[in-house]
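Lettering of chains follows the sequences in order, A, B, ..., and the numbering in each one begins at 1. No hydrogens, no waters, no symmetry mates; every other heavy atom, side chains included, goes into these values.
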Amino acid sequence: MLIFEHSRPGRRNRSQFSTTTAEKKNIPQNLLRKSPMLLPEASEMDVVRHYTRLSQKNFSIDTEFYPLGSCTMKYNPRACNALAMLPQFLARHPLAPEDTGQGFLACMYELQEILKDVTGMAGVSLTPMAGAQGELIGVMMIRAYHEARGDKKRTEIIVPDAAHGTNPATAVMCGYKVVEIATDKEGNVDMAALKAAVGPQTAGLMLTNPSTLGVFEKNVSEMSRIVHDAGGLLYYDGANLNAVLGKVKPGDMGFDVIHINLHKTFSTPHGGGGPGAAPVGVAERLLPYLPVPMVAHEKGVYRWLTEKDVPHTIGRLSAHMGNAGVLLRAYVYVRLLGVKGMNRVSEYATLNANYLMAELSKAGFEIAFPTRRASHEFIVTLKDIKEKTGVTAMNLAKRLLDKGYHAPTTYFPILIPECLLIEPAETESKETLDAFTAAMKEILVEIQEQTEMVKSAPHDMPLRKLDDVRAARELDLTWKP
Amino acid sequence: MLIFEHSRPGRRNRSQFSTTTAEKKNIPQNLLRKSPMLLPEASEMDVVRHYTRLSQKNFSIDTEFYPLGSCTMKYNPRACNALAMLPQFLARHPLAPEDTGQGFLACMYELQEILKDVTGMAGVSLTPMAGAQGELIGVMMIRAYHEARGDKKRTEIIVPDAAHGTNPATAVMCGYKVVEIATDKEGNVDMAALKAAVGPQTAGLMLTNPSTLGVFEKNVSEMSRIVHDAGGLLYYDGANLNAVLGKVKPGDMGFDVIHINLHKTFSTPHGGGGPGAAPVGVAERLLPYLPVPMVAHEKGVYRWLTEKDVPHTIGRLSAHMGNAGVLLRAYVYVRLLGVKGMNRVSEYATLNANYLMAELSKAGFEIAFPTRRASHEFIVTLKDIKEKTGVTAMNLAKRLLDKGYHAPTTYFPILIPECLLIEPAETESKETLDAFTAAMKEILVEIQEQTEMVKSAPHDMPLRKLDDVRAARELDLTWKP
Amino acid sequence: MPFIPHTEEDVKEMLASIGASSIEELFDEIPSDLKTGALTRVPPGMSEMEISRLMLERAQADGFYLSFIGAGAYEHHIPAAVWQITTRGEFYSSYTPYQAEASQGTLQLLYEYQTMMASLTGMDVSNASLYDGATALAEAALMAVRQHKTSRRILVPRTVHPVYRKVLSAIVRNQDIEVVEIPFCPESGQVLLEHLEPFGQEDFAALVIPQPNFFGVLEQVDAMTDWAHAKHSSVIAAVNPMSLAMLVPPGEWGAQGADIAVGEGQPLGIPLSSGGPYFGFMTCKHDLVRQMPGRIIGRTVDLDNKPGFVLTLQAREQHIRRSKATSNICTNQGLMVTAATIYMSLLGPEGLRQVAAQSHANMLQLAEQLEQLPGVKRVYSGPCFHEVALTLPGPVNEILQALKEQGILGGLNLQEHYPELENALLVCTTETKTADDLNKYSEMLGKILKKYG
Amino acid sequence: MPFIPHTEEDVKEMLASIGASSIEELFDEIPSDLKTGALTRVPPGMSEMEISRLMLERAQADGFYLSFIGAGAYEHHIPAAVWQITTRGEFYSSYTPYQAEASQGTLQLLYEYQTMMASLTGMDVSNASLYDGATALAEAALMAVRQHKTSRRILVPRTVHPVYRKVLSAIVRNQDIEVVEIPFCPESGQVLLEHLEPFGQEDFAALVIPQPNFFGVLEQVDAMTDWAHAKHSSVIAAVNPMSLAMLVPPGEWGAQGADIAVGEGQPLGIPLSSGGPYFGFMTCKHDLVRQMPGRIIGRTVDLDNKPGFVLTLQAREQHIRRSKATSNICTNQGLMVTAATIYMSLLGPEGLRQVAAQSHANMLQLAEQLEQLPGVKRVYSGPCFHEVALTLPGPVNEILQALKEQGILGGLNLQEHYPELENALLVCTTETKTADDLNKYSEMLGKILKKYG
């Protein structure tokens with residue numbers, strides 16, 4: 001039932017209504033709205049009941065295990081939420097004077113410093129509002145760098161074929177041509193392909209390390225040398241930073257620019273698909289181009305850095321300073337973890353991934369890169385199973401829902417057929433991993449013994465499999481009364 | 001799965017642990033605990049996940065219609081919760097000086113005044129922590145009154161047979177003998193029985209009006225005369241105040257003392273069974289006996305009234321001043337409703353009850369008192385149905401759960417066989433009442449066509465019918481590892 | 001109409017179904033002379049926006065203080081998860097779990113709570129909570145009297161919380177139960193056997209033993225328990241549950257253990273909130289379970305033999321037994337117990353031990369610092385948990401006032417309850433106090449006391 | 001270990017299964033010269049208690065003010081239910097609803113949101129949100145350029161929010177899109193046709209029309225829309241959604257309506273929070289839907305023909321189309337949209353109308369009061385919604401400083417963005433301001449201005 005179906009003309013939620021009548025009005029008649037608004041007329045209780053019930057139809061970290069590869073679905077500490085929502089923080093206007101926000105600015109400044117330290121970068125701007133915007137800003141800085149040097153021939157960005165789709169999409173948004181390079185059978189970037197692709201036209205290379213294949217690019221230092229020697233810059237996609245937090249600094253691997261998905265590594269909530277936050281960090285040579293605002297600390301006072309302080313900045317990429325409330329949550333999280341906690345994140349994320357990989361392998365699942373260590377994630381391929389039974393990765397994913405587990409990431413990275421990208425994250429216990437393995441084993445048996453049942457999963461969810469094709473063909477994007 | 005089953009020895013939830021070690025200790029060895037504590041060793045996420053999932057196994061006002069007679073399950077406004085939990089209110093120590101709590105005390109004082117007004121009483125104390133404690137305090141004041149007058153022969157409290165079980169239990173706790181009087185076939189107290197019961201031994205009469213039979217005691221003024229003439233006092237059980245809020249003041253009906261269930265009429269949350277709050281109000285002659293503390297307002301300053309101010313007080317009935325946070329919620333509620341809202345509560349509660357009674361009657365259900373107006377609740381009896389089909393009120397109640405409705409109150413009041421006491425409350429919409437009626441009709445058909453299915457309900461809940469008898473016989477009250 | 005969903009059309013249709021011409025007509029059975037006139041002291045309604053602002057302003061006016069007041073209500077850190085989960089609608093707005101199949105969330109949680117409290121106190125069984133610590137003590141006294149066939153006397157040391165004693169007296173007074181006060185040792189702040197002996201000549205139903213007592217001092221619980229048991233009486237332990245992470249639980253006192261343990265559950269995750277809602281807990285030995293008031297949850301099975309939870313032993317309760325019930329109580333403090341159960345789960349045994357240990361250590365540290373101030377000394381020699389009584393060199397109220405002006409609530413003036421204790425202050429520290437806080441207190445007090453030097 | 005559940009025994013068993021001797025060994029594929037040394041600027045971990053106190057102290061230091069600042073972020077009352085429901089774990093901690101069967105809560109809510117926003121703006125379809133208002137404007141510009149085959153010029157009046165214009169330029173710059181600034185009438189504060197004409201000689205992809213504009217002034221949207229359409233260009237409306245409860249929606253501007261509407265969703269239930277997270281909304285005409293960036297939810301059926309919701313038109317998105325995607329965006333601001341949807345449901349059409357009307361009336365009232373002060377006058381003659389630009393008789397920053405000392409944030413100094421506007425202040429009132437607030441402001445300003453009299 002939609003909220004609109006709880007609506008009745010003339011129903012009023014009076015406690016939200018003014019107790020006085022607005023008496024003044026001075027707007028030309030032709031500018032006044034005459035048409036109705038299709039908003040529900042419902043009682044407060046009906047609204048509360050409707051959305052409380054709706055919420056119960058969601059899987060979430062607070063209710064289920066979510067082994068979604070590349071998404072780092074870890075526990076979102078409740079303290080981060082509570083403290084970011086202290087009334088004074090919520091009430092503060094973004095344009096309020098700096099001296100009325102020293103508490104808030106102190107948190108932002110310290111977060112900048114901490115992120116510089118863990119990434120090994122010279123500067124950080126907290127502005128980007130999501131991973132994809134972090135990428136956009138990162139590549140914009142690469143472009144600004146080349147342009148500032150009058151180096152206008154650099155028109156290409158190199159991207160491995162295993163990369164997130166955002167990498168090529170971002171490069172194009174920045175006006176670059178995308179050159180994809182292949183992956184070798186061990187899951188590393190093909191070095192010959194890289195060498196062949198690099199040249200004076202190369203603006204930069206975008207790399208995720210550990211890669212989306214769940215393995216560490218061992219040749220990263222050599223890659224860095226090759227690209228830098230050709231005059232290009234190195235972009236670090238921080239999607240998998242959780243795997244190496246405190247272990248390796250992207251700056252030490254030779255990267256010039258990085259974005260950090262706070263909603264992954266720093267455990268800010270995914271919120272059903274946002275808001276995220278993705279600060280960018282840069283090496284020395286890109287410092288002049290960082291987006292404003294940033295926070296400075298001078299003589300005990302925190303203040304915004306603006307275009308006046310950073311004259312070569314690529315500018316502003318949000319109306320204010322990005323997703324401040326998300327940044328506050330990340331700040332609380334890093335302070336809770338502290339310096340030792342940084343390391344533990346990657347250690348236990350890696351332990352969980354390698355353990356689950358070992359257990360699933362023993363259970364009979366095919367691991368995509370069996371000779372490699374898993375990073376914080378790894379890939380299972382159902383290529384063989386599909387050939388023999390017709391059961392796809394998506395079928396298995398849907399069957400997992402029936403068993404109370406969110407599905408792993410399916411069909412990404414696209415170069416591994418029928419793949420499941422599995423990332424347990426460090427906050428899950430051995431018992432949960434064991435129970436998940438048991439469920440996977442059950443499905444393996446079901447695939448043999450009840451093939452059609454598995455193919456038509458899910459069966460125990462509020463709805464059965466939904467018709468995506470019809471959704472795209474017969475577009476129904478808004479409710480009509 | 002119990003929380004203890006998520007526990008593993010040595011698992012630690014470090015963010016809740018001190019970062020320093022307590023170094024001093026000075027307690028004799030023989031007083032130090034050596035035995036382990038059976039508390040879970042679980043991660044924060046496991047705890048959050050466990051209790052979030054548990055919560056989803058509850059029915060609640062925020063998710064279901066709850067037509068529980070005599071319980072007044074109305075919507076609990078979320079603003080009441082938010083404002084009672086403002087950080088300063090939560091942090092305030094009960095023994096903090098009065099001048100650090102003027103904001104809080106102002107709310108308490110105003111609540112006292114408002115309750116005096118709506119009950120027509122001369123004084124109110126907010127102390128009682130639940131309806132049953134309100135009753136206890138009320139009867140204690142009656143006793144104190146008679147004792148102060150040296151009137152020691154009054155040893156009996158009169159209670160109608162339809163009364164809540166707390167009434168007789170309370171009278172006994174106060175050292176009284178209970179005299180039950182009968183109800184006539186129209187649902188009124190049998191006046192002859194009352195007259196016969198009243199005498200010089202009568203300390204008082206406890207009455208709920210409208211009664212638990214869902215009808216207004218028309219003869220209340222005469223009852224008042226009879227009891228008062230005999231030297232007894234009149235106690236008003238405020239359980240059903242919602243039915244007459246703003247319409248009739250208990251003081252005007254002649255009552256000397258009243259308790260008000262704030263968790264009913266004033267919509268503080270039931271919380272899975274408490275905390276409640278039940279301020280007591282008294283007529284002039286009982287003022288000296290009100291329990292302390294109360295709040296006074298003198299020269300712009302709020303202060304506590306203590307034993308010094310109220311020397312004849314029956315004393316203190318809680319360690320501080322009762323359920324302050326519940327009182328704050330009720331305060332916010334009455335301010336939201338305001339003077340007009342008081343009246344509307346009883347009007348729409350009564351409208352909903354009479355409408356639902358009419359609809360269920362049309363649907364074929366037998367109404368216990370068909371010639372009477374419903375108050376805010378009414379009784380359906382399944383006596384006939386049981387005789388014909390064996391289906392009981394409890395069977396129907398359980399079957400309603402399957403259909404997404406909480407069951408009405410069953411088997412109370414006990415004098416109506418196979419009864420359902422139904423109270424829709426004013427916050428439910430006509431659509432919800434119509435949907436409930438439709439569900440009741442469906443069950444009526446099911447009773448005829450699928451009798452055994454109805455008898456073995458519920459079928460669609462997380463568990464089937466639970467074995468109460470085994471629970472009481474093979475007591476299992478704590479988990480053992 | 002706030003919270004009322006009816007449209008004009010709804011009202012019309014509903015009245016038509018009823019066969020009434022107006023809502024007012026539905027009240028036609030109420031004699032017209034009883035109808036209320038105008039309400040004169042209820043203000044007009046406010047919007048949520050307006051009341052929010054008013055409440056925010058009042059909360060702001062009340063402000064925050066650095067508080068060292070304890071005396072039965074204690075400031076502990078409450079993990080953010082506790083109340084975010086507790087106030088979920090499914091817990092917050094649900095009713096008493098009479099319909100077990102629709103209430104397994106609350107019922108299972110209460111069963112877990114009972115398990116935790118029984119273990120914490122070292123007893124066999126627990127109820128699902130009572131109103132607060134003070135009324136729990138009174139209920140325990142009634143319970144002991146029901147159990148003891150011959151005596152209606154209860155021995156209560158003066159070291160028990162003074163307000164608890166008042167509440168106890170107020171409640172049992174009407175049942176002809178005699179509360180006998182036991183004195184204590186003015187040096188150690190404890191009840192010694194010599195104080196008990198004179199009262200043991202006559203039969204008594206129970207002895208109440210506070211641990212720690214109102215002065216924060218630890219009683220000699222083993223000796224007291226054995227003494228009472230030797231007299232064939234029950235022992236009622238009145239304990240701070242947080243202290244039990246550190247102290248021998250009542251179930252292990254003396255040779256046989258206490259019979260009933262009660263106390264204030266507030267330290268387990270409940271905010272101070274000007275005094276409530278808190279919750280009282282009660283645990284007891286197995287053979288007393290049918291005398292226990294309040295709700296009790298039991299584990300059982302459903303028709304498919306799957307485990308589940310129900311309210312049990314309801315035959316003790318007022319809605320079944322009416323005038324023969326064990327008590328008139330018909331609620332527990334469900335939502336508070338929800339919070340406490342989540343709190344105990346989040347802290348676990350080690351977390352609770354740390355809170356207790358840090359609270360205790362802070363008390364020792366602060367006492368040490370304050371005792372270095374001229375004229376400040378401990379009132380009692382007995383060992384303390386996290387509260388300590390101190391004698392000051394001047395009038396307590398005046399000194400507290402001066403501290404308050406510095407943002408410090410320095411403690412409770414003991415003379416309010418013990419007239420003989422002149423210039424005595426009860427000071428509490430929990431784990432929330434940092435070294436800086438303790439220093440701030442001792443420095444400020446030092447400055448203030450100069451005046452009395 | 002905060003948030004890590006592993007016991008020592010777990011670790012041993014897990015390593016044994018893996019066949020590794022230590023956790024460190026699992027990092028053996030990382031060249032040792034890359035391993036990080038000590039982190040020097042990450043402080044030691046804090047307990048939740050410690051960080052809670054630190055954050056509380058910082059929040060207290062920041063305090064509360066009576067604020068009249070608007071300029072793109074607006075203080076409205078947010079019903080308590082909004083965030084109590086939004087922060088339920090099932091919304092707060094869920095992922096993007098790729099697994100539709102396990103995400104019907106979020107998906108249905110987003111479908112409801114799309115319906116509300118399309119109706120509010122008078123357009124056909126809506127996406128599920130973008131980052132914020134500024135980036136939504138930039139995405140709309142890119143969309144218009146994709147649609148318009150021949151021109152890469154976008155006309156943007158200077159009355160559009162200055163920071164939005166900066167963001168727009170920063171984003172489109174690298175795609176060879178030209179942003180052309182349109183001047184405005186210094187008397188009325190509006191863009192008049194005479195300002196547009198000179199820029200209409202050459203082809204352009206779209207004209208951006210703000211409503212209300214940055215000065216709070218209402219633009220002549222019908223004429224502007226028709227003018228742009230006559231030039232075969234798109235119209236991008238940049239609107240305050242709250243104002244649409246009062247103003248003609250973009251879908252009805254001129255003869256054909258705007259083609260795309262975007263704006264900042266913050267006024268719909270999102271706290272100010274120092275600037276974020278907010279959300280950008282975007283709605284458009286049906287024929288543009290496949291050009292629209294961001295997530296879109298569609299209604300469909302399941303195998304049993306029961307209605308349900310899925311992410312649809314994913315063929316536009318980067319995870320499918322990679323370098324050929326309509327945008328690189330792969331998130332929306334899901335949680336903010338959750339709040340906004342609940343907000344709009346709680347207020348309903350009448351509630352939203354009241355908020356808008358009261359905000360507007362307060363602005364008129366305040367302007368009237370302030371204009372009575374010597375030297376204070378409106379900068380522009382055009383009609384306003386809930387913001388107004390005023391000229392003061394002295395330097396704005398100095399006056400704002402004086403107001404701040406009285407607890408009032410008086411508005412935004414317009415000269416920061418418009419150098420020609422000396423001594424001009426942008427003042428905003430929403431429904432949160434009472435008559436007392438307005439009086440306080442005008443009285444205080446009156447006192448302060450005496451100095452400049």
**Q** Quick one: does B:Leu466's side chain get under 4.5 Å of C:Gln104's, heavy atoms only?
**A**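 Sidechains of C:Gln104 and B:Leu466: in contact.
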**Q** Parallel under 30°, tilted from 30 to 60°, perpendicular over 60°: which one fits the rings of B:Tyr75 and C:Phe3?
**A**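 Ring orientation of B:Tyr75 relative to C:Phe3: tilted.
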**Q** Heavy-atom distances under 4.5 Å only: say whether C:Ala100 touches chain B with side chain, backbone, both or neither.
**A**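 C:Ala100 touches chain B through backbone and side-chain heavy atoms alike.
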**Q** Measuring heavy-atom distances to chain C, does B:Glu23 have an atom under 4.5 Å in its side chain, in its backbone, in both, or in neither?
**A**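 Contact with chain C involves the backbone of B:Glu23 alone.
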**Q** Consider side-chain contact (heavy atoms from CB on, under 4.5 Å). Of B:Thr63, B:Asp62, B:Asn58, which one does C:Ser93 pass it with?
**A**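 Passing option: B:Asp62.
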**Q** Do you know the tightest heavy-atom contact between B:Ala106 and C:Arg58?
**A**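 That would be CB-CZ, 3.7 Å.
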**Q** Below 4.5 Å from any heavy atom of chain B, which atoms of C:Gln114 appear? Answer side chain, backbone, both or neither.
**A**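 Both backbone and side chain.
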**Q** Less than 4.5 Å to any heavy atom of chain B: does that hold for the side chain of C:Thr106, its backbone, both, or neither?
**A**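 Both the backbone and the side chain of C:Thr106 come within 4.5 Å of chain B.
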**Q** Taking side chain as everything from C-beta outward and backbone as N, CA, C, O, which of these in B:His93 sits under 4.5 Å from a heavy atom of chain C? Side chain, backbone, both or neither.
**A**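 The answer is both parts of B:His93.
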**Q** Would the distance check show the side chain of C:Glu101 and the main-chain N or O of B:Leu463 forming a donor-acceptor pair, the cut-off being under 3.5 Å?
**A**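 Side chain of C:Glu101 to backbone of B:Leu463, a donor-acceptor pair under 3.5 Å: no, none is there.
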**Q** When you measure from the side chain of C:Tyr164 to the backbone N and O of B:Ala319, does any donor-acceptor pair fall under 3.5 Å?
**A**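 No: the side chain of C:Tyr164 does not pair with the backbone of B:Ala319.
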**Q** Could you work out, with side chain to side chain donor-acceptor pair (under 3.5 Å) as the rule, every residue matching C:Ser129, not counting sequence neighbours?
**A**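 Partners of C:Ser129 by the side chain to side chain donor-acceptor pair (under 3.5 Å) criterion come out as none, since no residue qualifies.
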**Q** In terms of heavy-atom proximity below 4.5 Å to chain B, should C:Tyr278 be classed as side chain, backbone, both, or neither?
**A**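 C:Tyr278 touches chain B through backbone and side-chain heavy atoms alike.
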**Q** For B:Val48, is it the side chain, the backbone, both, or neither that has a heavy atom closer than 4.5 Å to a heavy atom of chain C?
**A**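 The answer is both parts of B:Val48.
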**Q** For B:Met357, is it the side chain, the backbone, both, or neither that has a heavy atom closer than 4.5 Å to a heavy atom of chain C?
**A**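 No part of it gets close to chain C.
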**Q** Is it true that a side-chain atom of B:Arg470 and a backbone atom of C:Val301 form a donor plus acceptor pair closer than 3.5 Å?
**A**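 Between the backbone of C:Val301 and the side chain of B:Arg470 there is no qualifying donor-acceptor contact (under 3.5 Å).
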**Q** Please tell me if the side chains of B:Arg335 and C:Pro43 come closer than 4.5 Å, counting only heavy atoms from C-beta onward.
**A**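 Touching, per the 4.5 Å side-chain cut-off.
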**Q** Decide whether C:Thr135 and B:Gln133 meet the rule of one side-chain donor and one side-chain acceptor closer than 3.5 Å.
**A**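 Looking only at side-chain atoms, B:Gln133 and C:Thr135 do not form any donor-acceptor pair under 3.5 Å.
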**Q** B:Ser18 and C:Glu431: side-chain donor and acceptor closer than 3.5 Å?
**A**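 Checked: B:Ser18/C:Glu431 side chains show no N/O donor-acceptor pair below 3.5 Å.
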**Q** Can a side-chain donor-acceptor contact be found between B:Tyr51 and C:Thr341 if the only test is distance below 3.5 angstrom?
**A**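 Not at all, the side chains of C:Thr341 and B:Tyr51 share no donor-acceptor pair under 3.5 Å.
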**Q** What part of B:Pro462 gets closer than 4.5 Å to chain C, counting heavy atoms only: side chain, backbone, both or neither?
**A**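 Looking at B:Pro462, backbone and side chain both touch chain C.
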**Q** Has the side chain of B:Ser55 got a donor or acceptor atom that lies under 3.5 Å from a matching backbone atom of C:Phe91?
**A**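 No, the answer is negative, given that no donor and acceptor are paired below the 3.5 Å cut-off.
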**Q** Under 30°, 30 to 60°, or over 60°: which ring-plane class applies to B:Tyr66 and C:Tyr95, parallel, tilted or perpendicular?
**A**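 Aromatic pair B:Tyr66/C:Tyr95 classed perpendicular.
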**Q** Under 4.5 Å heavy-atom distance to chain C, tell me which part of B:Thr20 shows up: side chain, backbone, both or neither.
**A**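 Both backbone and side chain.
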**Q** Measuring heavy-atom distances to chain B, does C:Thr312 have an atom under 4.5 Å in its side chain, in its backbone, in both, or in neither?
**A**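 C:Thr312 touches chain B through side-chain heavy atoms alone.
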**Q** Do B:Arg464 and C:Asp302 meet the salt-bridge criterion of a basic N to acidic O distance under 4.0 Å?
**A**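 B:Arg464 and C:Asp302: not salt-bridged.
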**Q** Does one side chain, of B:Glu428 or C:His6, offer a donor that lies under 3.5 Å from an acceptor on the other?
**A**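 Per modelled atom types, B:Glu428 and C:His6 side chains form no pair under 3.5 Å.
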**Q** Relative to chain C, which segment of B:Met253 carries a heavy atom at a distance below 4.5 Å: side chain, backbone, both, or neither?
**A**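 Both backbone and side chain.
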**Q** Tell me, for C:Ile85 versus chain B, whether the close heavy atoms (under 4.5 Å) come from the side chain, the backbone, both or neither.
**A**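 Answer is side chain: those atoms of C:Ile85 sit under 4.5 Å from chain B.
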**Q** Just checking, is any N or O donor in the side chain of C:Glu90 or B:Gln56 under 3.5 Å from an acceptor N or O on the other one?
**A**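 Absent: no donor and acceptor within the cut-off.
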**Q** Would you check if C:Pro277 and B:Met129 make a side-chain contact, meaning some heavy-atom pair closer than 4.5 Å?
**A**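 Side chain of C:Pro277 against side chain of B:Met129, heavy atoms only: no contact under 4.5 Å found.
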**Q** Heavy-atom distance under 4.5 Å to chain C: side chain of B:Ala171, backbone, both or neither?
**A**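 Answer is neither: B:Ala171 stays 4.5 Å or more from chain C.
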**Q** Side chain, backbone, both or neither: which part of C:Asn362 has an atom under 4.5 Å from a heavy atom of chain B?
**A**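 Nothing of C:Asn362, per the 4.5 Å heavy-atom cut-off to chain B.
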**Q** Would the distance check show the side chain of C:Asn174 and the main-chain N or O of B:Cys174 forming a donor-acceptor pair, the cut-off being under 3.5 Å?
**A**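 The answer is no, because no donor-acceptor pair under 3.5 Å joins these two groups.
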**Q** Is there a side-chain contact between C:Pro44 and B:Lys340, using heavy atoms and a 4.5 Å cut-off?
**A**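 A side-chain contact is absent here, since even the closest heavy-atom pair is not under 4.5 Å.
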**Q** Which of the residues C:Ala20, C:Ser52, C:Gly133, C:Gly72 is involved in the greatest number of heavy-atom pairs with chain B at under 4.5 angstrom?
**A**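 When all of C:Ala20, C:Ser52, C:Gly133, C:Gly72 are compared, C:Ser52 has the most.
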**Q** Kindly indicate whether the side chain of B:Leu351, heavy atoms from C-beta on, has any atom under 4.5 Å from the side chain of C:Ile18.
**A**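 They are in side-chain contact.
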**Q** Judged by atom type as modelled, is there a donor-acceptor pair below 3.5 Å linking the side chain of B:Thr170 to the main-chain atoms of C:Asn328?
**A**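 A pair under 3.5 Å: no.
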**Q** Between C:Tyr131 and B:Asn323, is any side-chain donor less than 3.5 angstrom from a side-chain acceptor?
**A**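 No, no side-chain donor-acceptor pair sits under 3.5 Å.
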**Q** So which of C:Ala134, C:Gly275, C:Gly348 has the largest heavy-atom pair count under 4.5 angstrom toward chain B?
**A**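 Going by pairs under 4.5 Å, I would pick C:Gly275.
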**Q** Between C:His77 and chain B, which part of the residue has a heavy atom less than 4.5 Å away: side chain, backbone, both or neither?
**A**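 For C:His77, the contact with chain B is made by the side chain alone.
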**Q** Spell out, as yes or no, whether a donor-acceptor pair under 3.5 Å connects the side chain of C:Glu112 to the backbone of B:Ile3.
**A**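 Side chain of C:Glu112 to backbone of B:Ile3: a pair is present.
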**Q** Can you say whether B:Leu86 sits under 4.5 Å from chain C via the side chain, the backbone, both, or neither, judging by heavy atoms?
**A**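 For B:Leu86, side-chain heavy atoms alone lie under 4.5 Å from chain C.
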**Q** Among B:Arg372, B:Lys247, B:Arg373, which one satisfies salt bridge (charged side-chain N to carboxylate O under 4.0 Å, His left out) with C:Asp28?
**A**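 One option only clears the test, and that one is B:Arg373.
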**Q** Could you check whether any side-chain N or O of B:Tyr355 sits under 3.5 Å from a backbone N or O of C:Leu15, counting only pairs where one atom can act as donor and the other as acceptor?
**A**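 No: the side chain of B:Tyr355 does not pair with the backbone of C:Leu15.
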**Q** Checking C:Leu400 against chain B: side chain, backbone, both or neither under 4.5 Å from a heavy atom?
**A**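 No part of C:Leu400 comes within 4.5 Å of chain B.
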**Q** Which atoms of B:Pro36 come close to chain C, meaning under 4.5 Å heavy atom to heavy atom: side chain ones, backbone ones, both, or neither?
**A**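 B:Pro36 touches chain C through backbone heavy atoms alone.
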**Q** By a 4.5 Å heavy-atom criterion (distance strictly below it), what part of B:Leu136 contacts chain C: side chain, backbone, both, or neither?
**A**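 Both backbone and side chain.
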**Q** I want to check something: taking the side chain as every heavy atom from C-beta on, are B:Asn352 and C:Met14 in contact at a cut-off of under 4.5 Å?
**A**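 Heavy-atom side-chain distance check passes, below 4.5 Å.
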**Q** Do C:Ser103 and B:Lys57 have side-chain atoms, one donor and one acceptor, less than 3.5 Å apart?
**A**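 There is no such pair (donor and acceptor under 3.5 Å, judged by atom type) between the side chains of C:Ser103 and B:Lys57.
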**Q** With a 4.5 angstrom heavy-atom cut-off, could you sort out which part of C:Val163 is near chain B: side chain, backbone, both or neither?
**A**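 Side chain of C:Val163 only, per the 4.5 Å heavy-atom cut-off to chain B.
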**Q** Is it the backbone or the side chain of C:Leu409 that comes under 4.5 Å from a heavy atom of chain B, or both, or neither?
**A**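 Side chain only.
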**Q** Go through the atoms of B:Leu401 and report whether side chain, backbone, both or neither lie under 4.5 Å from a heavy atom of chain C.
**A**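 Only the side chain of B:Leu401 comes within 4.5 Å of chain C.
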**Q** Let me know if B:Lys74 has heavy atoms under 4.5 Å from chain C in its side chain, its backbone, both or neither.
**A**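 No part of B:Lys74 comes within 4.5 Å of chain C.
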**Q** Heavy-atom distances under 4.5 Å only: say whether C:Ala38 touches chain B with side chain, backbone, both or neither.
**A**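 For C:Ala38, the backbone is the part near chain B, not the side chain.
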**Q** Less than 4.5 Å apart, side chain to side chain, heavy atoms only: is that true for C:Ile23 and B:Thr350?
**A**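 When only atoms from C-beta onward are counted, B:Thr350 and C:Ile23 do not touch, as no gap falls below 4.5 Å.
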**Q** So what's closer than 4.5 Å to chain B heavy atoms on C:Leu244: side chain, backbone, both or neither?
**A**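 Both backbone and side chain of C:Leu244 come within 4.5 Å of chain B.
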**Q** Is the backbone of C:Thr115 close enough, under 3.5 Å, to the side chain of B:Thr478 for a donor and an acceptor to pair up by distance?
**A**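 It does not hold such a pair.
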**Q** Does any N or O in the side chain of B:Asp117 come within less than 3.5 Å of the main-chain N or O of C:Val42, such that one atom is a donor and the other an acceptor?
**A**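 Judged by distance alone, yes, a pair lies under 3.5 Å.
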**Q** Under 4.5 Å from any heavy atom of chain B, what part of C:Ala81 do you find: side chain, backbone, both or neither?
**A**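 Contact with chain B: side chain only.
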**Q** Any side-chain heavy atom of C:Ile171 within less than 4.5 Å of one from B:Met173?
**A**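 The answer is yes, as the side chains (C-beta and beyond) meet within the 4.5 Å cut-off.
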**Q** In terms of heavy-atom pairs under 4.5 Å, which option from B:Gly175, B:Ala397, B:Pro97 contacts chain C the most?
**A**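 Heavy-atom pairs under 4.5 Å are most numerous for B:Pro97.
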